[in-house]
Amino acid sequence: MNPPLTQSLDRLVPAFADEPRRWDDVLRRAESLSGEPPARRPAPVASPRPGRVRIALAFALAAALLAVAAPAFGLHRTLLDFFVAEPATERTVLHFESLDRGAPEGMETGVIATETRAVTRARFRGAERTLWVAPTQEGGYCALWERHGGGCDRLGTVPLDVTWAGPEVASADTAPDSWQLVTGHVDLEYVATVEVRLSDRTVARPPIVWVSAPIEAGFFAYEVAEERDATITAVVALDSEGRRIAESTPLGHEPGVPRDALVAERSAAVLVDTRSGEAVVWAAPTRYEGRCAWLEVAGRATAVAPCLPKGYDRVAGAGFRFYPTHETVLLVGRFGERYARVELTFADGTRRAYEPRDGYLLAEVPPEQLAGRSAVSELATYDAAGREIFRVPVDETGNRCQTARPLPAGHPPCP
Amino acid sequence: MSDEVMSGQARGDATLAAIEQVYRRDLERFLRVAAALLGDRDAARDAVQEGFAHAVARRDTYSGRGPLEAWVWRVVVNRARNYRRDRGAPTAPLERELVDVAATNGARETGALRAALAALPERQRLVVFLHYFADLDYPTIAGALDIRQGTVAATLNAARTNLRRALEQEVPQQ
């Protein structure tokens with residue numbers, strides 16, 4: 001067909017875009033047609049058809065896995081029964097056991113290595129690889145792709161976790177953003193589908209292997225075909241209604257208000273009047289029962305730290321930064337429950353202590369400490385009993401936007 | 001890299017999960033074809049929901065012959081075709097639908113195309129819709145319309161020829 005006619009067809013019936021997926025509505029209608037809830041019917045493992053546009057990986061489900069219907073959460077998807085999956089080899093069990101060896105107090109994964117099992121196999125980077133998964137003592141899991149990598153969701157509430165990988169053989173000419181492969185996992189309760197967004201503006205929806213309790217998560221892998229001139233730019237997790245739940249980009253969190261935050265439901269966690277005007281740490285919930293926070297000052301917004309999934313407030317560590325403006329310097333951060341006090345030591349030897357409020361800290365460095373050569377030299381944290389948790393020197397060199405000195409005239413505002 | 005997405009599963013199974021996967025992956029394509037058939041985007045949304053509900057409710061009738069996706073397309077397209085009739089609305093031929101919409105649109109070029117499409121035999125029109133609006137390949141179109149692949153190619157070719165002729169008459173060359 002000639003191009004003008006194709007374009008006319010496009011004008012005749014414009015394409016739909018980003019329509020909400022109302023699968024629950026489909027099921028309700030189906031029930032009224034048949035008089036029987038669809039989920040009561042036997043539901044073997046899903047069978048996606050190869051698409052002409054999509055390029056995905058070849059998953060090979062372990063033959064021993066048993067498919068079970070899972071009407072829980074109203075998502076009506078098919079799960080693989082974790083407890084009938086192939087047990088891990090001794091070598092793999094030892095590897096999982098090593099995860100907690102030497103881990104700092106409070107940072108252990110709690111992985112139950114003896115319960116490690118093979119959940120699925122997929123072919124990427126020219127080899128078939130097994131995905132090993134083990135539960136943790138607190139309801140989460142650790143996952144490891146054979147000869148590739150993985151991670152742990154200790155509490156089992158992380159909505160989306162992605163491991164990014166560039167080309168297998170990188171060269172000096174390889175672009176720094178040439179992400180070719182993503183592997184990851186999503187939470188069964190919050191997420192229904194995953195979209196992999198590519199630099200050529202196409203979207204791929206990799207198949208997800210859903211795993212039953214105690215894992216209750218889905219696993220995916222996607223690799224861009226070698227012959228394709230595209231890179232992966234983002235991975236987005238969507239719920240059963242097609243709403244965006246969480247997003248992963250290669251850079252981690254981006255400047256500005258965190259995308260996961262439900263901004264309309266925000267509340268001010270800390271508010272401070274500074275020499276750059278009112279500064280606020282806003283906190284907002286997420287669709288996955290988590291919490292995000294960001295700083296707004298002088299008309300700009302910047303994330304305080306990555307958004308926390310449900311329950312991670314309790315086990316979170318500390319994340320902080322100095323945020324300089326042209327007039328002053330702010331200390332902003334998120335501190336887990338065990339952090340009761342944060343203390344700054346200045347170059348002239350004086351000290352000043354601050355207390356996080358609801359897990360957040362926002363303070364203006366005293367103006368007198370910003371004059372002349374005086375500056376912050378050290379930051380220390382303490383628990384409620386006054387025991388030191390950690391102490392770090394404050395680097396005054398490097399990225400100007402991460403130092404505890406006001407910005408010089410002409411320097412652009414920090415992101 | 002393979003285009004295959006998952007193995008270890010019976011491709012022919014019209015399972016709930018598999019139908020859901022088609023729905024989640026291709027909803028916009030179904031909506032576009034339904035909108036072309038019904039001339040109304042809201043009606044298309046309702047018709048597609050209903051079509052998938054029928055596919056779910058009747059999935060036991062899927063024989064496993066041919067791709068599941070083609071079977072789902074057949075069910076949804078049929079629901080869209082019967083959409084107005086099932087609602088007690090006066091049955092309007094597709095030709096009428098298309099021309100009516102063209103009249104409200106007011107765009108001459110687009111109106112000419114609508115009229116040309118409306119003048120096509122229904123099978124030709126469906127093949128055009130499934131090929132151009134849903135980007136389906138020949139085997140899937142064949143499965144959706146229950147015709148042979150060779151018939152798809154011939155029908156599409158005939159549709160193109162008819163459209164070209166109709167548009168040349170409607171929009172004279174400058």
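Residue numbers start from 1 in every chain, and the chains themselves are labelled A, B, ... in the order their sequence lines are given, proteins ahead of strands. These numbers come from a predicted model, not from an experiment.
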Apply side chain to side chain contact (heavy atoms under 4.5 Å, CB included) to the pair B:Glu20 and A:Thr193, showing each step before the final yes or no.
-> CA-CA 11 Å; B:Glu20 180 181 1; A:Thr193 55; over 6 Å; no

Pair B:Gln49-A:Arg22, side chain to side chain contact (heavy atoms under 4.5 Å, CB included): steps then yes or no = CA-CA 8 Å; B:Gln49 292 295 109; A:Arg22 296 180 292 131; 3.4 Å; yes

Residues A:Val26, B:Ile19; criterion side chain to side chain contact (heavy atoms under 4.5 Å, CB included); working and verdict | CA-CA 11 Å; A:Val26 169; B:Ile19 295 171; over 6 Å; no

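Contact record, A:Ala30 with B:Ala57: O-CB, 3.9 Å, taken as the closest heavy-atom pair. Across A:Ala15 and B:Arg41, no two heavy atoms sit closer than the pair O-NH2, 3.4 Å. Of all the heavy atoms in B:Arg24 and A:Arg205, the pair that sits closest is O-NE, 4.1 Å. What you find for A:Arg21 and B:Asp26 is that their closest heavy atoms are NH2-N, 4.5 Å. Minimum interatomic distance between A:Asp18 and B:Glu28 (heavy atoms only, all atoms of both residues): N-OE2, 3.3 Å.
Among residues two or more places apart in sequence or in another chain, the salt bridge (Lys or Arg N to Asp or Glu O under 4.0 Å) test is passed with B:Arg45 by A:Glu19, B:Asp42. Under the side-chain contact (heavy atoms from CB on, under 4.5 Å) criterion, A:Arg244 pairs with A:Val236, A:Leu238, A:Glu247, A:Arg259, A:Asp260, not counting sequence neighbours.
With rounding to the nearest 0.5 Å, the separation of CG in A:Leu9 from CZ in B:Phe129 is 8.5 Å.
A salt bridge between B:Arg25 and A:Glu195 is absent, with no side-chain N of the basic residue lying under 4.0 Å from a carboxylate O of the acidic one.
Between A:Trp23 and B:Tyr23, the ring planes lie tilted relative to each other; the angle falls in the 30° to 60° range.
Judged purely by atom type and a 3.5 angstrom limit, B:Arg32 has no side-chain atom pairing as donor or acceptor with the backbone of A:Phe16.
Atom CZ of A:Arg147 has more than 12 heavy atoms from other residues, nucleotides or ligands within 6.0 Å.
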